[in-house]
Amino acid sequence: MNQHAIQQRLEAFRHALTQTGCQAGLVLTSDPHLSEYLPGYWQVREWLSGFTGSAGNLLVTQQEAALWADSRYWEQAEAQLAGTGITLMRLGGGAPGMADWLAEQGSTGCLAVDGRTLSLTFWRRMESDLAARGWRLQVDFEGVSQAWEQRPALPVSQVVEHDLAWAIESREEKLDRVRAAMRKQGADWHLLSTLDDIAWLFNLRGSDVDYNPVFLAHALISAEGQAQLFVDASRLASGVAEHLRSAGVQLQAYDSITHALEGLQGQGLLLDPSSVVVDLARRVPETLPTIEAPNPSRLFKACKLPAQQDHIRRAMEQDGAALCEFFAWFERELAAGAALTELTVDEVLTAARARRPDFVSLSFPTIAGFNANGAMPHYRALPQAYADIEGNGLLLIDSGAQYLGGTTDITRVVPIGQLSAEQRRDFTLVLKGMIGLSRARFPKGVSGQALDVLARAPLWEQGLDYGHGTGHGVGYFLNVHEGPQSISWRAPASVPLEAGMVTSNEPGLYRPGQWGIRIENLVLSVPAEETEFGDFLAFETLTLCPIDTRCIDIGLLREDEVRWLDAYHAEVRQRLAPLLQTALQAEALAWLERRTQALLEH
């Protein structure tokens, strides 16, 4: 991004602030649905700062500007913000909070923010923090529209059915479950703005947001009457409107949600303060009590039904077969001395997945990072900045896809040329953590916070660690990052793991400027056994792809860890080989057999 262009945008933004009488402006990486990945219209923070990471908040005063980003993005943000006049604030690295930083810039004042992008929870916390420092928060600021002359339009992609053969549960059944939960809370209305919840509830999918099969919409659900879906009817594929109406769903224009809220009457409105923006919450009449609780659909969609679990297993097999084809090609080209880059990895791997049945899209931008680039957890190669894959080192590939029957997310690290003893040691320590978590058995009611240490213990023993969480929930042909569960000691809330939840298992280790290692499988929480101490759960590993044993320091693995790896590779070979039986797939089959050879004699 041109540094001069960023500085001009900041000046235009500051001019808009002046017109409102505010001394500072806050730009969040957010939209009216509090999404992780944003449509172009709402990529305001990226446009204003030039920083392309998927998380980070920007604070601008008349003299200064600062961007807060977590450790996943420190190196990337440092490079992209250079020369813009924006200071990087390293979250978790000793940087002051936004309210403290703002207080340092001036005695008192007004902080402007677009209330359409600010959650009710964040608003309350920020307002309290600012008030303690003599500042106030103004939440009706839309000054970016003045500064951004060529702002993209809101997306208008087609909204389609997620066929019942894949969805398994009808929208009527899902609405019944949500309404039962509403009645238990004493609510006769429920406001829903999170796009994955809406797509799940109504068995619909779209493409308004890259990599996430969702569409822009809001929903108002009555405990006894109709559900209202706020999405422009012209966007619905043929027959969808009729199917929705037959299920008791009334269609309303997307932007009419504010008017609908202002006219609500009843005994109580259920809303999740972390999932509803201030702009909408303020539209609710004072005469209508609000009941604050997590969206019921959040837990419902996190616990995949048995038939959905079977579809996920089939999607993992197709994804694994595509990876076999890619890695066989990659190793052949590498051995032949072909010119390979990080961009080539993305292109060829995507093409291999696209050939697989029921493939829809990638589930996030492919991360292919060689050596130092792999040390940036959310690095992405771009045509203007990428590395050639040559010499010696480690190549980290984090990728995933959306299939009609599931969402995949996998990270593998492969050797390029000769590896050092330290690289093998680092890889093996990460592998030990991944295996330790994979083998976990735990009482029902245990959260991911309690299990995180299993993945970190081998690293902690050596004084090593990584800055990101160990695991995130994964959707069912939905968002690759899905709550409510996670595996991280840093998680703000303790959410028990439940049977049917799909979660990532991805410990890592990053040496800035040198290399990065992450090994990631998706795991399914399944019933293990019932003992006199209660019900226990375990993890079934879903992801099917060899872990490159050429990177291992075998002397650091215990025999039971090697046996786990051999058993995993035997299952990978047994389930993927039938999908690689054509003459064109012979190379991939040979690669699979070579990379799944046992390390121990059985």
Original post:
Do the side chains of Glu561 and Leu431 get nearer than 4.5 Å, heavy atoms only?
Top reply: no
Original post:
Quick one: salt bridge (Lys or Arg N to Asp or Glu O under 4.0 Å) partners of Asp31, sequence neighbours excluded?
Top reply: none
Original post:
Does the gap between the ring centers of Tyr254 and Phe215 come in under 6.0 Å?
Top reply: no
Subject >> Glu506 and Arg518 ion-paired at < 4.0 Å >> reply: yes
Subject >> Check: Gln402/Thr407 side-chain N/O donor and acceptor closer than 3.5 Å >> reply: yes
**OP:** Would you give the length of the straight line joining atom CD of Glu520 to atom OG of Ser399, rounded to the nearest 0.5 angstrom?
**Re:** 9.0 Å
Original post:
Between Arg90 and Glu75, is there a salt bridge with N-O shorter than 4.0 Å?
Top reply: no
**OP:** Identify, with sequence neighbours excluded, every residue that meets salt bridge (Lys or Arg N to Asp or Glu O under 4.0 Å) alongside Asp465.
**Re:** Arg456
Original post:
Hey, are the side chains of Arg595 and Thr549 touching, using non-hydrogen atoms and a 4.5 Å cut-off?
Top reply: no
**OP:** Please examine the side chains of His311 and Tyr403, heavy atoms only from C-beta on, and report whether any two atoms are closer than 4.5 Å.
**Re:** no
Original post:
What pairs with Glu292 under salt bridge (Lys or Arg N to Asp or Glu O under 4.0 Å), at least two apart in sequence or on another chain?
Top reply: Arg124
Original post:
Does atom CZ of Phe330 have more than 12 heavy-atom neighbours, drawn from other residues, nucleotides or ligands, at distances under 6.0 Å?
Top reply: yes
**OP:** Only pairs at least two apart or in different chains count here, so list each salt bridge (charged side-chain N to carboxylate O under 4.0 Å, His left out) that has a residue in residues 471-480.
**Re:** none
Original post:
Do you see a donor-acceptor pair shorter than 3.5 Å between the side chains of Asp409 and His472?
Top reply: yes
Table please: side-chain donor-acceptor pairs of residues 293-303 below 3.5 Å, with sequence neighbours left out.
residue	atom	partner	partner atom	Å
Asn295	ND2	Thr194	OG1	3.4
Ser297	OG	Asp197	OD1	2.8
Lys301	NZ	Asp196	OD2	3.0

Subject >> Arg314/Asp358 salt bridge by N-O under 4.0 Å criterion >> reply: no
Original post:
Is the distance between the ring centroids of Tyr73 and His468 less than 6.0 Å?
Top reply: no
**OP:** Mark yes or no for whether Arg356, through its side chain, and Glu317, through its backbone, hold a donor-acceptor pair below 3.5 Å.
**Re:** no
Original post:
Looking at residues at least two apart in the chain, or sitting in another chain, which of them share a side-chain hydrogen bond (donor to acceptor under 3.5 Å, both in side chains) with Thr341?
Top reply: Thr344
Subject >> side-chain hydrogen bond (donor to acceptor under 3.5 Å, both in side chains) assessment of Ser157 paired with Ser207 >> reply: CA-CA 6 Å; Ser157 65; Ser207 56; 3.3 Å; yes
Subject >> Greater than 12 external heavy atoms within 6.0 Å of Glu540's CD >> reply: yes
Original post:
Is Glu347 paired with Arg353 through a side-chain N to carboxylate O contact shorter than 4.0 Å?
Top reply: no
**OP:** Test Asn505 against Ser438 for side-chain hydrogen bond (donor to acceptor under 3.5 Å, both in side chains), laying out the working first.
**Re:** CA-CA 7 Å; Asn505 172 3; Ser438 301; 3.0 Å; yes
